[in-house]
Each structure stands twice: as C-alpha cells, then as structure tokens.
Amino acid sequence: MLDHLIRGATVVDGTGAPARVADVGIRGGRIAMIAAPGSVEEPARTAENAEGFVLAPGFVDPHTHYDAQLFWDPYATPSLNHGVTTVAGGNCGFTLAPLHPDRPEDADYTRRMMSKVEGMSLVALEEGAPWNWHSFGEYLDALEGRIAVNAGFMVGHCALRRHVMGEAAVGGQPTEPQMGRMVQLLHDAMDAGAWGLSTTQSSTHSDGDGQPVASRHATPAELIALSRAVGEHEGTQLEAIVAGCLDQFTDDEIDLLVDMTTAAGRPLNWNVLTIDAAVPERVPRQLAASERARQAGGRIVALTMPILTPMNMSLGTFCALNLIPGWGDILALPVSSRIEKLRDPDVRAEMLRRADSKEAGVFRRLANFERYVIGDTYSDANEGLSGRVVRDIAAERGQDPFHCLVEICAADRLRTVLWPMPADNDPASWELRQRTWQHEDVLLGGSDAGAHLDRMCGAPYTTRFIGDCLRGRKLIPLEQAVKMLTDDPAQLFGLRERGRIAQGFHADLVLFDPERIAAGPATLVHDLPGDSPRLDSKAIGVVSVRVNGVEVIRDDQVTGAVPGTVLRSGRDTRTVATK
C-alpha cells in the first residue's frame, strides 16, 4: 500500500526534462512510482488531487546558517515554507562545535562571535540552544530526530582553531603538535558526518571582541593541510570566503582557492557572486578562479542569488555600513557622540569620500543615500516619513541627501530603519545575470538564511525566483529554473538520491500553484527566544512541502512533523570528483 498518492500533478522532475502530467506515489519516505494519470491501481492511505499544480523536488539551499536556529525552530522557517527541504549549514568558518570540554567559556565566545559576525540574536543563542555537546559528532547527534528539514553541516575552521589553541587562536600560529591536533579534530568531525571544511579570510569577519576571527590568522600552509584532510573522506567539500568575494579576487586569493581545491580533490564553493552591469569586469574576474581551478584539476563554484535581496541598514546598530572603510570607528561611538560626529559637515564629507573610494569595493553601492527609503521611525519629528525616498525629503528640506538622512536618524536617536534601493535592478544587469547563470561553475543560492536575522531575509529566493520565471521577467524556463534549485546543488554536494523526482529517490517534494507562487514582503516579527526580532516572509502559492515523504508544510503552515535527516558525509553524500 502507498502512504500517499499525488494525482494529476504537472511533474517538473529536476533534470530539466519537459514537464509532464503524472500520478506520484510515496511509500516508506521514497518515491515508489511515477505513473500516467489515473493508472495507479495500488491503494493509498491518503491521496490528493493536484491537477493544475506543479510538483517539483524539494529545493536545496547551498548556503545557510541554521546551525543554532534548528534547536528552537526545527522547521528552519521561513526556508521550509518556501519549499526548501535540504539546507547546507556550517558555512563561512563558523560552527557551534567542536567546543573544548575543559573550557566552558568557549561556548560564550562562540555565541558572541556568531552574534557579531552573523547577526544572530545573542539572547536567542543563549536561551534557544542546549549547548550540551563538545565534539562535532555530539552536535550532530543533538539535532538528530528533531528537525523537519534535511540538514548537512561543514565544520568551521574557527571552531577547530579555538578548540586546539584557545585564546591564542586569534592572532597566533599553531605549533606543529597543535597543527596535528587540528587536522585530527577535522578528521574526527568528518568521521562523524561533517561535510568538510569551511573557512573565512574575509576582512569583514570579526568576533565579539572586535578582533579578526580565528581563521583569518591562518597561513596558506595551514589551509592546505586541512584541505588535504578533507580529501581523505568520502562525500566531502570545501567552502571558503576571502575578502575578494565581495568584489574582485586578488591573484593571491585565486592562488589560495585553487591550491585548496586541488589539495583536497574536492569542489570548493564561495559566496556570493554579485552581478552588476555597472561593474562589467567583476564577473569575468571572479570566474577566472574557476577556470584556473579546472586547469589545475580542481573545481571552484561561485554561488549567486537569482533575486535582489533587500538588506536594511541603520546608523544605530551594526550593519554593512560599519564595513565601509573609515566608518566603523564612527558608528561604534556611543549614540550621543555618534550623532555629534555625524552632524559635523567635515566628518560627513570624509565619510562620503571613503565610501566612494576604490577601497570600499562592493560597499560603494551603499553610498547613494538619495536612493534610501525610510523604514520604521520612532519620533514625532519623523511622522509620515516611513516609505518615502530620501531624495524627495532632502529636496523639500534643501539638504544634501546624506545630511538629510543623518538628521532623520538623529531625531530617532539612530533607531531609524533604512532600506537602500538596489542600484543593479536594470535590464542590463538582469541580462548579465541570465548569461552568468549558464556558466558550469555558477550555482544559484547564497541565502544566508538563519543569519542577519533583522537585516535581511534571503530564504524566499526560491519562490520569488520561480514566480519571476513564470510570470515576471521569464529569464529561464520553469524546467531549467527548478533544476537550478534542486538537482544542480544536489549534484555539487553529492547528495544521494535527492534533488530529483525519480523512482527510489527520497520523497522531498514541493507542490505549488504556478499562477500564484511568490514570496510576500519581508516583515519584522518577534518570535525568537527572548522575544528577539527577525525578518520573515510568507510563502504564496505553496500548497504542500514534504520531507522524506511526510508533509511538513500545508498552505504556509507547519504541520508539526519532524521527518528531517541530519545528512552525514559518506552515508548521505558521495564523493564529487574534480577531474
């Protein structure tokens, strides 16, 4: 007997093949049959009519930070609502394990680091996760059997360094015995099911004390030694972030990434390729790393988002504005002193000069303050400004845009929420994206879901992209769009029997209405532990989401079922060759 039968769905199977109408039967968590409509004679415990709806494989998000959230939110919302059934976590060198058993203070350091560098609520981290593990395997075991999504995790370089070197991990270099212990710790993590190594060398990543995170102090030799260890395990990967990921790689960064992937003999992915027709040299420069890697016998894959993800800003709390050269010190001042500095015309002029300089890289796009939209406000002086563009307000007041923005924020004691309008929402940039997506070493994804919770909401990229392909710009046919969100990431990670609708594959499925599928606007909700805020987005037109055959979402509501699997390297992933 079938567990469930989906009748008359338009099946888009993830391979890129043309859509077809079929009945799909599920048994024991797997796809038992795909048959012509009305031809299934085997009885089913439950069934549904899916005529007019599209049935696709569950989407695979290749870059998330759900490492902590899964403890208080087993449903990985809102990703699961938007059809994501498998998430890759442990990215950017940051994981919650391993933790040294003799140093309980390491957990506090890790929480403060995650709060600073990944924009997670410190209260939620403290109250929402049990912190009852030390080894990486114990961390995976703590999640096993209690999550609604499938989740696999890289092991973070920062955690490895901290475990072995303690406080010396920040600023220090490992001795030869320490290096050996770090490699062994990585082996232990992969033996337990870690997907491989993630690391960061990015200048934007600082810990809770404001110091460069531990992995930023690693030499190339250390990174190569760890990469070699990754290559000794089945079904593993590399993920790396360097400063040039934000704009354009240096020659040394390309050399490092190529050396890492070739040392491991495993694919390396990085996040995120920003595509902007106003900077035409960026894409070819970034993809030069992939070309070099293929020549050397490795593989480097760039993640890129198929939508524009709005990110709000503030002069009152840490955000991307703090990362503009010369801005961090000013924006770190106490509020009163910060307002005083920001109101100084000479200070503002210097800030604008630095923001528009070459050294600002990709952050230059944040300096066009006339295109900012005012979000939430908190004072009578700002009543009626929410939703208005700074350019218009500045014209009314006879002020330059940055001065106008500062005065609005000052009236709110810097609590004003600011939404920069994207500068790359032009036809030329979308045409460039369409071409770039076809590259063999470009993969859609990079949502950062689970991180930067009150700043951005990248999780709905799946439904927004599908909706755009069906009813918006129509840059990609539906069958190809689904493949990009399912089979392509599944193939990169070597996921066993996931990413397609095929007989015998795990029944990770999303059923949606092609006339309606979309994502609602990002709205602030207070549903984290400690009543902390985050941005959420409703899924529109998603009828049902199934993980391992069990329904977890129906009409944008969680069912309460937790059939997800902690995906472990080797058992649940196969080795993806680079040659």
- Message: Check whether Thr565 reaches the backbone of Asn150 with its side chain - one donor and one acceptor, N or O, closer than 3.5 Å.
- Response: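 Answer holds: no.
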Is there a donor in the side chain of [X] and an acceptor in the side chain of [Y], or the other way round, less than 3.5 Å apart?
X	Y	result
Glu551	Thr559	no
Thr463	His82	yes
Ser79	Asp61	no
Asp73	Gln69	yes
Asn91	Asn271	no

One thing to verify: whether [Y] and [X] come together as a salt bridge, which I'm taking to mean a side-chain N less than 4.0 angstrom from a carboxylate O.
X	Y	answer
Asp209	Lys116	no
Asp441	Arg299	yes
Asp247	Arg282	yes

For [X], enumerate each residue passing the salt bridge (charged side-chain N to carboxylate O under 4.0 Å, His left out) test, keeping only those at least two apart in sequence or located in another chain.
X	value
Arg574	none
Arg161	Glu222
Asp572	none

- Message: In the structure I gave you, are the side-chain heavy atoms of Cys469 and Ile466 within less than 4.5 Å of one another anywhere?
- Response: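 Counting from C-beta outward, Cys469 and Ile466 never come under 4.5 Å.
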- Item | Heavy-atom check, side chain of Ile31 versus side chain of Leu509, under 4.5 Å |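 Yes, close enough: below the 4.5 Å cut-off.
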Spacing of [X] atom [atom1] and [Y] atom [atom2] [to the nearest 0.5 Å]:
X	Y	atom1	atom2	value
Asp448	Cys92	CG	SG	6.0 Å
Met313	Asn322	CE	CG	10.0 Å
Thr304	Leu444	OG1	CG	7.5 Å
Met305	Arg464	CE	CZ	9.0 Å
Arg228	Arg266	CZ	CZ	14.0 Å

Under the ring pair (Phe, Tyr, Trp, His ring centres under 6.0 Å) test, residues paired with [X] that sit two or more places apart:
X	result
Phe249	Trp270
His506	none
Phe465	Trp437
Phe153	Tyr139

Under 3.5 Å, sequence neighbours excluded: what are the donor-acceptor pairs made by side chains of residues 124-131?
{"residue": "Trp131", "atom": "NE1", "partner": "Leu125", "partner atom": "O", "Å": "2.8"}

- Just one of His205, Glu239, Arg216 clears the side chain to side chain donor-acceptor pair (under 3.5 Å) bar with Thr200, so which one?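 Checked His205, Glu239, Arg216 against Thr200; only one passes side chain to side chain donor-acceptor pair (under 3.5 Å): His205.
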- Message: Check this for me: Glu167, atom CD, are more than 12 non-hydrogen atoms of other residues, nucleotides or ligands nearer than 6.0 Å?
- Response: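 Count not over threshold, so no.
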- From Val417, Leu535, Leu453, residue fulfilling side chain to side chain contact (heavy atoms under 4.5 Å, CB included) relative to Leu524: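 Single side chain to side chain contact (heavy atoms under 4.5 Å, CB included) partner of Leu524 among Val417, Leu535, Leu453: Leu535.
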- Message: Once side-chain contact (heavy atoms from CB on, under 4.5 Å) is applied, do any residues pair with Glu138, and if so which ones, sequence neighbours excluded?
- Response: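 Listed in chain order: Trp133, His134, Ser135.
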- Message: For Met484 and Gln438: C-alpha separation, side-chain torsions, deciding distance, then whether side-chain contact (heavy atoms from CB on, under 4.5 Å) applies.
- Response: CA-CA 10 Å; Met484 289 171 155; Gln438 308 306 317; 4.1 Å; yes
- Message: The criterion is side-chain hydrogen bond (donor to acceptor under 3.5 Å, both in side chains); which residues satisfy it with Asp424, sequence neighbours excluded?
- Response: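 Partners of Asp424 under the side-chain hydrogen bond (donor to acceptor under 3.5 Å, both in side chains) test: Arg365, Arg433.
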- Would you please name every residue forming a side-chain hydrogen bond (donor to acceptor under 3.5 Å, both in side chains) with Asn269, sequence neighbours left out?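 For Asn269 there are no side-chain hydrogen bond (donor to acceptor under 3.5 Å, both in side chains) partners, ignoring immediate neighbours.
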- Show your working on side-chain contact (heavy atoms from CB on, under 4.5 Å) between Val552 and Tyr75 and close with a plain yes or no. CA-CA 8 Å; Val552 289; Tyr75 314 104; 5.7 Å; no
- Query: Got a sec, which pairs hit side chain to side chain donor-acceptor pair (under 3.5 Å) with one end in residues 534-543, sequence neighbours left out?
  - Reply: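 Residue pairs passing side chain to side chain donor-acceptor pair (under 3.5 Å), neighbours aside: Thr77-Arg534, Asp527-Arg534.
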